[in-house]
Each structure stands twice: as structure tokens, then as C-alpha cells.
Amino acid sequence: MLLADNIQSNLLSDKSNEGRRLHYYDQGEIIPLVPQGVWQVYRGIAQLSQINDRGEEVLLGWSIASTFFGLWFTQVEFYQARALTETYLKWYNLSELENSGTLSSLMLNQIVRRLRQTESLVSIAGLKRVEDRLSELLKLLKSEIGEASEGGTRLVARLTHQNLANSIGTTRVTITRLLGEFQRQGLITIDTDRHLIIHS
């Protein structure tokens, strides 16, 4: 009931999945999480994070098309999901997942993907130099949310300097300085829509 109340105005028909509805969230919008079920991304990107005791956002990963996320997958307190782009989601009750071998198999494959993503983020967090952490984060973003474009790989989500700073435990000022250096070295460019393009 709570979920329906929260997202009643965001519903769209999904004719491609036997009438299952799509739930729309605009860029930057918090996605409600309830324990009775899970979300699957139909289109867009959801950023998963934890809000720590200092009120800072700690990056836990991203959920892209066809992947699942929700409270059922985590024991992290103050878990949060935010739409990084315009995002369309499907909602599944836990009973549906338990009774569908196809959904369970698909979900297992996506859990493996998220595990690899999380291990990469932990590995990045262990690097001492901030420039190395940013460089490795950009490589991970390139593989997770990048699309081929002229001259490099364009990140489909527009990330702010604060997004990047929160992801690797540094300040926005440091990120601004390092991105400037990376641009001067020809490692990245920024397009007219403020999306990062990462060069090989």
C-alpha cells in the first residue's frame, strides 16, 4: 500500500511485459524502497548508496537496465536509491520471484554482476592516491555506464563533481582540480551536455 501511495502519479503502461506497469523517476529523484519486493531497471540508471552518520553519501554501485535492487538484497542501514538519469522501473513482489524460475535465474546473474561491481569499488577505495582512485573510478564507470562515441566512451549519466567526490572519499575541489589535469593530459573531455567522455 505504501509503495502504491508513493508512486501512483508515476505509473506508465508497459505493453512489452504482459501489462506490467513501469514506474518513472526523474533524474535526481529518490526511489522508494520497501521490503516486500524488488525493483528491476527497465531503462535508465539508479545509483545505490548509503548515508553515513555524518550525512555523507557513500557509493555502493549502480543498477542499469535489467538489473534488480532493493532492501531485500542488503543489510546496509540507511540504504538509498536515486535515479541518475530518467529511469523506468518494474516492481516485483517477493512471491513472484520465489515462484518464477526464469526471474530467479535472471536475478542470480545480475547479483553476480553487482558483486563484481562492488568488489571493484572496494578495490578503488583501498588506493592511497586520490588521482589513482579517480582514474580507476572513471575506468569502472566507462565499463558500467559508458556508450561508444566519437573519440572515446561517453558516460550516459551526467555526474557532478560532488558525485565523483562522494564516490572516492574526497572533496569537490580536489575532483575539479584533477579533472582539469585529466583534460589537459587528453584523458577526458566534457561534451556540451556536461557528460564526461573518457578516451582510450
Side-chain angles (χ1 to χ4, degrees), residues 3 6-7 10-51 57-125 136-148 153-159 163-164 166-168 198:
L3 179 66
N6 284 343
I7 57 185
N10 291 332
L11 301 181
L12 293 172
S13 293
D14 176 11
K15 304 202 186 296
S16 68
N17 192 33
E18 301 179 359
R20 185 175 296 276
R21 288 166 116 32
L22 291 179
H23 306 262
Y24 171 76
Y25 292 91
D26 201 2
Q27 180 181 352
E29 198 172 352
I30 298 294
I31 299 166
L33 301 173
V34 293
Q36 292 84 4
V38 298
W39 290 112
Q40 183 189 34
V41 178
Y42 178 75
R43 185 165 68 242
I45 303 169
Q47 179 170 290
L48 310 175
S49 59
Q50 177 191 30
I51 304 302
E57 190 173 18
V58 179
L59 179 67
L60 298 175
W62 308 274
S63 197
I64 60 174
S66 82
T67 60
F68 294 84
F69 67 92
L71 295 178
W72 188 69
F73 295 104
T74 183
Q75 291 186 330
V76 171
E77 291 186 342
F78 309 114
Y79 189 73
Q80 177 179 274
R82 182 189 302 273
L84 264 189
T85 62
E86 292 187 343
T87 302
Y88 294 85
L89 305 173
K90 298 176 186 176
W91 171 257
Y92 291 92
N93 291 316
L94 294 183
S95 59
E96 291 182 85
L97 300 176
E98 293 167 357
N99 295 319
S100 171
T102 302
L103 278 175
S104 296
S105 177
L106 176 61
M107 189 167 59
L108 177 60
N109 290 335
Q110 299 303 340
I111 288 171
V112 170
R113 179 190 176 100
R114 281 288 324 285
L115 176 61
R116 290 173 177 161
Q117 188 185 89
T118 301
E119 287 180 339
S120 295
L121 286 168
V122 171
S123 175
I124 289 168
E136 291 303 311
L137 176 67
L138 292 178
K139 288 178 187 176
L140 180 60
L141 286 165
K142 177 180 173 181
S143 67
E144 292 292 329
I145 62 170
E147 62 180 10
T153 303
R154 180 179 186 265
L155 301 185
V156 298
R158 187 171 60 213
L159 299 169
N163 289 146
L164 296 171
N166 291 345
S167 300
I168 60 171
I198 302 168

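Note that the coordinates shown come from a computational prediction; the quantities given were computed from them, not determined experimentally.
Here the closest non-hydrogen pair linking Ala81 and Leu48 is CB-CD2, 3.8 Å. Taking both residues in full, the closest heavy atoms of Thr87 and Ile45 are given as OG1-O, 3.2 Å, listed atom of the first, atom of the second, then distance. Leu159 and Leu141 make their closest contact through CD1-CD1, 3.7 Å (heavy atoms, listed as atom of the first residue, atom of the second, distance). The two residues Leu138 and Ile198 have their closest heavy-atom pair at O-CD1, 3.2 Å. In plain terms, the two heavy atoms of Thr74 and Gly70 that are nearest each other are CG2-O, 3.9 Å. Annotation for Ala83 and Ile31: closest pair N-CD1, 3.9 Å, computed over non-hydrogen atoms.
Looking at Gln40 and Thr67, their side chains never come closer than 4.5 Å, going by heavy atoms from C-beta outward. The shortest distance between side-chain heavy atoms of Phe68 and Leu103 falls below 4.5 Å. Residues Arg21 and Lys90 have side chains not in contact (no heavy-atom distance under 4.5 Å, counting atoms from C-beta outward). In this structure the side chain of Leu60 never reaches within 4.5 angstrom of the side chain of Trp62, judged on heavy atoms. Asn166 places none of its side-chain heavy atoms less than 4.5 Å from the side chain of Val58. Side chains of Val38 and Phe69 form no contact here, defined as non-hydrogen atoms less than 4.5 Å apart. Between Gln47 and Leu59, some side-chain heavy-atom pair lies under the 4.5 Å cut-off. Side-chain contact between Arg113 and Gln110: present, with at least one pair of heavy atoms (C-beta onward) separated by less than 4.5 Å.
Panel note: side chain Thr85, backbone Gly44; no donor-acceptor pair is recorded below 3.5 Å.
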Please walk me through it: do Trp91 and His23 pass side chain to side chain contact (heavy atoms under 4.5 Å, CB included)? CA-CA 8 Å; Trp91 171 257; His23 306 262; 3.9 Å; yes

Run Trp39 and Tyr25 through side chain to side chain contact (heavy atoms under 4.5 Å, CB included) and show every step you take. CA-CA 12 Å; Trp39 290 112; Tyr25 292 91; 4.0 Å; yes

Show, in sequence, the C-alpha distance, side-chain angles and deciding distance for Met107 and Leu97, and conclude whether the side chain to side chain contact (heavy atoms under 4.5 Å, CB included) test is met. CA-CA 9 Å; Met107 189 167 59; Leu97 300 176; 3.8 Å; yes

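Residue Asn163 holds its CG atom at 8.5 Å from CZ of Arg82, rounded to the nearest 0.5 Å. Taking CG of Leu140 as the start and CG of Leu121 as the end, the distance is 5.5 Å to the nearest 0.5 Å. Atoms CG and CG, from Leu89 and Leu22 in turn, are 8.5 Å apart once rounded to the nearest 0.5 Å. One distance of note links CD1 of Ile145 with CD1 of Ile64; it measures 9.0 Å at 0.5 Å rounding.
Electrostatic pairing of Glu119 and Arg114 does not count as a salt bridge here, judged by no charged N lying under 4.0 Å from a carboxylate O.
Judged as a side-chain contact (heavy atoms from CB on, under 4.5 Å), and not counting sequence neighbours, the contacts of Glu147 are Arg154, Val156. Here Glu136 pairs with Lys139 under the side chain to side chain donor-acceptor pair (under 3.5 Å) rule; sequence neighbours left out.
Side chains of Glu57 and Ser49: a donor on one and an acceptor on the other come within 3.5 Å. Counting only N and O atoms by type, the side chains of Gln80 and Gln50 include no donor and acceptor under 3.5 Å apart.
Note on residues 95-105: pairs passing side chain to side chain donor-acceptor pair (under 3.5 Å), not counting sequence neighbours, are Arg20-Glu96.
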